[in-house]
Chemist: 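My structure is below; once you've seen it, I'll send some questions.
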Number of protein chains: 2
Amino acid sequence: MVMAIRGRPRGFDRDFALRKAMEVFWAKGYDGAQLTDLTAAIGIAPPSFYAAFGSKEAAFLDAVDLYIDRIASAPMRALEAAPTTREGVRAMLEGSVDIAVSNEPGGCLLILGVVNCLPTNRTARDRLLAARRETLKLIAARLRRGVRDGDLPRGTGSTRLAAFYHGVMQAISFQARDGATRKELTALVKPSLAPLDSLASPR
Amino acid sequence: MVMAIRGRPRGFDRDFALRKAMEVFWAKGYDGAQLTDLTAAIGIAPPSFYAAFGSKEAAFLDAVDLYIDRIASAPMRALEAAPTTREGVRAMLEGSVDIAVSNEPGGCLLILGVVNCLPTNRTARDRLLAARRETLKLIAARLRRGVRDGDLPRGTGSTRLAAFYHGVMQAISFQARDGATRKELTALVKPSLAPLDSLASPR
DNA sequence: GCATTTATATAAATGTCGATACAAAAATGA
DNA sequence: TCATTTTTGTATCGACATTTATATAAATGC
């Protein structure tokens, strides 16, 4: 027996709305994204927005989850899938470049979405901080695997080197936000790999 | 003959006020720094602030000039003063770490002061963007000098390598803002120097 | 002393933000 | 058809942001 839905049906698709909201947050950050921007991008009025998401903050949290699932996960999967550590790191960084130039203005939502720690942004900032810590953990785990695989010498400071590569991702985002081209961002990758070259230990 | 100053004298020191304003902008960014924060830190009421600076935007521009003169110039002088390129870059990066941990929360005003490009922040953002471009130019010039001095091989992409080291500074700022310790930030410097090692050409 | 000039304190004007009240609209179920 | 349920559109609320109007205070010049 089918329980039919009572009441007037929603006039828009919530998934579409969330995707649009994600794009606006990505482009303007949490503070910069005004409710006007969000509702205009989705094509709805404020009450529909609040009925669908609850609040701007809740919409942001949903948008971050969507961003991680649809956007940010690709470079981390590439990091994991590559046969060697060096190729994995390279693929991760190049994937970060792809993401950074795929929106206007450039950059990564997880890195640029909230930078200052006002009381208002606290929840949003903490969510992004947790996502960044997760990224860092994934990189460190891949580097440790590289040590096990013999890609990297024993005694490699995986945690510290992971922070370095996380830093390269942050630099890619910042410079993309400042208007850097894909070519300029890609040029950041090669010197970043030098630490892996100098550490390289032939098996 | 001395032209005495007519009218009630100002009850606070403008230089002190500008320094306090700089610290607030540094800690909270242009948007995040509210007039309440500024006037409370200085210890004056809004009309005194407007009489002294004209507007929040104008105060920010003055604060950025002060920041460049008193804070950000040190690492760039160290870059220039060092005898070798490698030592200059190392000194610049370590100076960036010093700056990044010298305020709470951490980071550099020129990098973190404005990240999103709202119409309201346009002027402030453009000022910081110009300052970052100037930083990039100074690094590139130092690297070109390194090529002339024989520190770096001919054909070194000075502009691209400068963008890389500017990126390391951005990473330092961002991770400092995320709460990284001095030790963690300093650990970013060593792997960053690897490109200069692998490029090193004995004279 | 008194007019003039400039700064301060209080209070408010003005605009914008996120969030809602309310009634009309659009669906179901009887 | 009509009661019920949920969404939509308009118009607005309350809070807070930057900025300013007004009156008072504190200095100089005559």
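Computed from a prediction, not measured in an experiment: that's the story for all the values here. So that the names make sense, note that chain A is the first sequence line, chain B the second, and so on, each numbered from 1.
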Chemist: Test side chain to side chain donor-acceptor pair (under 3.5 Å) on A:Asp31 and A:Asn121 and set out the steps.
Modeler: CA-CA 8 Å; A:Asp31 300 294; A:Asn121 323 68; 2.2 Å; yes
Chemist: Quick one: salt bridge (charged side-chain N to carboxylate O under 4.0 Å, His left out) partners of A:Glu134, sequence neighbours excluded?
Modeler: none
Chemist: Could you work out, with side-chain contact (heavy atoms from CB on, under 4.5 Å) as the rule, every residue matching B:Asp65, not counting sequence neighbours?
Modeler: B:Arg127
Chemist: Between A:Arg14 and A:Asp62, does any side-chain N to carboxylate O distance fall below 4.0 Å?
Modeler: yes
Chemist: Provide the full list of side-chain hydrogen bond (donor to acceptor under 3.5 Å, both in side chains) pairs with a residue in residues 91-108 of chain B, sequence neighbours left out, each pair given once.
Modeler: B:Asp98-B:Arg182
Chemist: Salt bridge check, A:Asp37 against A:Lys28: does any charged N sit closer than 4.0 Å to a carboxylate O?
Modeler: yes
Chemist: For DNA chain C, which residues in residues 6-34 of chain B have a heavy atom at a distance below 4.0 Å?
Modeler: B:Arg6, B:Gly7, B:Arg8, B:Pro9, B:Arg10, B:Gly11, B:Phe12
Chemist: Any salt bridge linking A:Arg145 with A:Asp149? Criterion: basic side-chain nitrogen under 4.0 Å from a carboxylate oxygen.
Modeler: yes
Chemist: For A:Leu35 and D:dG9, what is the distance between atoms CG and P respectively, to the nearest whole Å?
Modeler: 15 Å
Chemist: What pairs meet the salt bridge (Lys or Arg N to Asp or Glu O under 4.0 Å) rule with one or both residues in residues 161-179 of chain B, with sequence neighbours excluded?
Modeler: A:Arg125-B:Asp178, A:Arg132-B:Asp178
Chemist: Once you round it to whole Å, what is the distance between P of D:dT18 and CG of B:Asn121?
Modeler: 12 Å
Chemist: What parts of residues 36-49 of chain B reach DNA chain D, counting only heavy atoms under 4.0 Å away?
Modeler: B:Pro46, B:Pro47
